[in-house]
Amino acid sequence: MATSVERSPESGEDAYSTIRGELKQYSFQTEPVPRLHHLDPRVEALMRAEKPVVITDTNLVKSAFHWDADYLSSNIGSAKQTVYSSYKNKFLYYDDKKLPQFPDLQLATKHEEMTFKEFTEKVKNHKKGDKIYYLQQALNDSVGKSLVLDFIKFNWSWATEQQKKYKWGALTSNLLLVGMDGVITPAHYDEQQNFFAQIGGFKRFLLFDPSMFECLYPYPVYHPHDRQSQVDFDNPDHERFPNFRNLYGQEAIVGPGDVLYLPIYWWHQVESVPNHGMTVSVNFWYKSGTEEKIVYPLKPQQKVAMMRNIEKMVTSAINNHEEVPHLLKTMVLGRYT
Ligand SMILES: O=C(O)CCC(=O)C(=O)O
Ligand SMILES: [Fe+2]
């Protein structure tokens with residue numbers, strides 16, 4: 001991946017080029033996500049166009065650079081945290097609320113509640129073949145005082161300036177992610193704008209624009225894996241998912257101090273780079289702003305939102321998700337095809 005990487009004081013250019021040489025290859029092509037200083041005018045151009053960019057030197061979470069496992073263990077408090085566990089390194093997300101409809105669904109990932117100390121013990125004692133753990137907990141007011149102070153010192157003025165400039169809605173949450181070496185969040189999209197701030201270790205992002213919906217075959221909206229791709233990137237089933245061959249995207253490596261702007265509805269697979277230790281990240285999820293005026297043709301992300309609404313409406317009106325495919329096929333096959 002040929003990208004101009006600026007020297008970042010916390011990690012150094014060397015780490016990025018070493019990592020780039022070690023990454024596993026997939027069947028699709030990617031281009032590098034631009035990596036730019038926060039004052040570079042190209043940042044604004046990319047963000048206005050809702051395109052991803054790695055923004056350097058924002059100091060967004062500088063006050064949290066000491067958030068390693070030991071510090072978090074001693075200071076996050078004794079509240080139970082949301083931790084996912086799995087024997088495989090892929091942590092496919094599922095929506096608990098949609099599980100009751102799918103009693104037979106086999107989930108490789110289990111949701112466990114434990115204190116941060118318990119989590120760190122599991123990480124420290126991990127041996128090959130043991131379960132892998134990935135903590136994903138929204139920062140809330142249960143955290144200890146020193147964490148609250150670090151949180152208050154995030155560069156909120158920068159964040160709020162961006163929120164206003166791009167007319168985003170409210171900040172909904174900050175998810176803290178602490179992952180063991182090599183954990184993967186498989187390809188999915190979210191319905192919020194995201195500043196993804198890296199604190200410790202390195203993550204690789206594979207990114208695909210919203211028009212790639214056709215190549216990534218998300219699960220149905222009513223399914224617990226809604227918004228997640230059904231395609232296994234390591235072993236794609238080309239017969240079931242023929243358009244996967246047409247997939248291409250962008251990729252970025254984020255290290256300590258980097259902030260990735262991850263636009264709403266963009267697909268992303270996130271991988272904690274293997275053999276570079278545990279990763280610590282905090283994201284900033286914002287509601288999208290309201291469009292002032294609809295402009296045609298609609299953008300791919302607006303079409304995705306529209307398709308979601310149609311799927312939701314049909315599923316809810318028919319009141320039995322098993323009838324949805326037949327109904328949609330009857331509408332389309334031989335008529336619109
Ligand atoms: O870092 C990860 O593993 C997943 C993060 C993610 O999907 C997000 O912030 O939207
Ligand atoms: Fe996500």
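In each ligand, atom 1 is the first atom listed, and ligand 1 is the first ligand listed.
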Inset, instruction - Examine the proximity of ligand 1 to Tyr134 and report which part, side chain or backbone, both or neither, has a heavy atom under 4.0 Å away. - result: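 Only the side chain of Tyr134 comes within reach of ligand 1.
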Give a yes/no on ligand 1: does [X] have at least one heavy atom closer than 4.0 angstrom to it?
X	result
Trp285	yes
Glu271	no
Tyr93	no

Inset, instruction - For His188, counting its heavy atoms only, list the atoms of ligand 1 lying under 4.0 Å from any of them. - result: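 By the 4.0 Å cutoff, the relevant atoms are 7 (O).
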Legend entry - Protein contact of atom 1 (O) of ligand 1 - nearest heavy atom, named by residue and atom, plus distance: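 Ranked first by proximity to atom 1 (O) of ligand 1 is Lys203 NZ, 2.8 Å.
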Inset, instruction - Please write down residue, atom name and distance for the protein heavy atom closest to atom 5 (C) of ligand 1. - result: Phe196 CE1, 3.7 Å
Legend entry - Residues Arg227 and Asp95 bridged, charged N to O under 4.0 Å: no
Legend entry - ligand 1 N/O within reach of Asp190 N/O, cut-off under 3.5 Å: yes
Inset, instruction - For the Fe ion (ligand 2), find the closest N/O/S atom belonging to Asp190 and write down its atom name. - result: OD2
Give me the ring orientation class for [X] and [Y]: parallel if the planes are under 30° apart, tilted from 30 to 60°, perpendicular past 60°.
X	Y	value
Phe233	Phe28	perpendicular
Phe195	Tyr286	perpendicular
Trp267	Tyr189	perpendicular

Inset, instruction - Could you tell me whether the side chains of Thr82 and Gln137 share a donor-acceptor contact shorter than 3.5 Å? - result: yes
Legend entry - Side-chain donor-acceptor pair present, Glu118, Gln81, cut-off under 3.5 Å: no
Legend entry - Gln198 side chain vs Ser281 backbone, donor-acceptor pair below 3.5 Å: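 Checking the backbone N and O of Ser281 against the side chain of Gln198, no donor-acceptor pair under 3.5 Å is found.
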Legend entry - From Leu260, Asn283, Thr185, Asn194 - option closest to atom 4 (C) of ligand 1 by heavy atom: Thr185
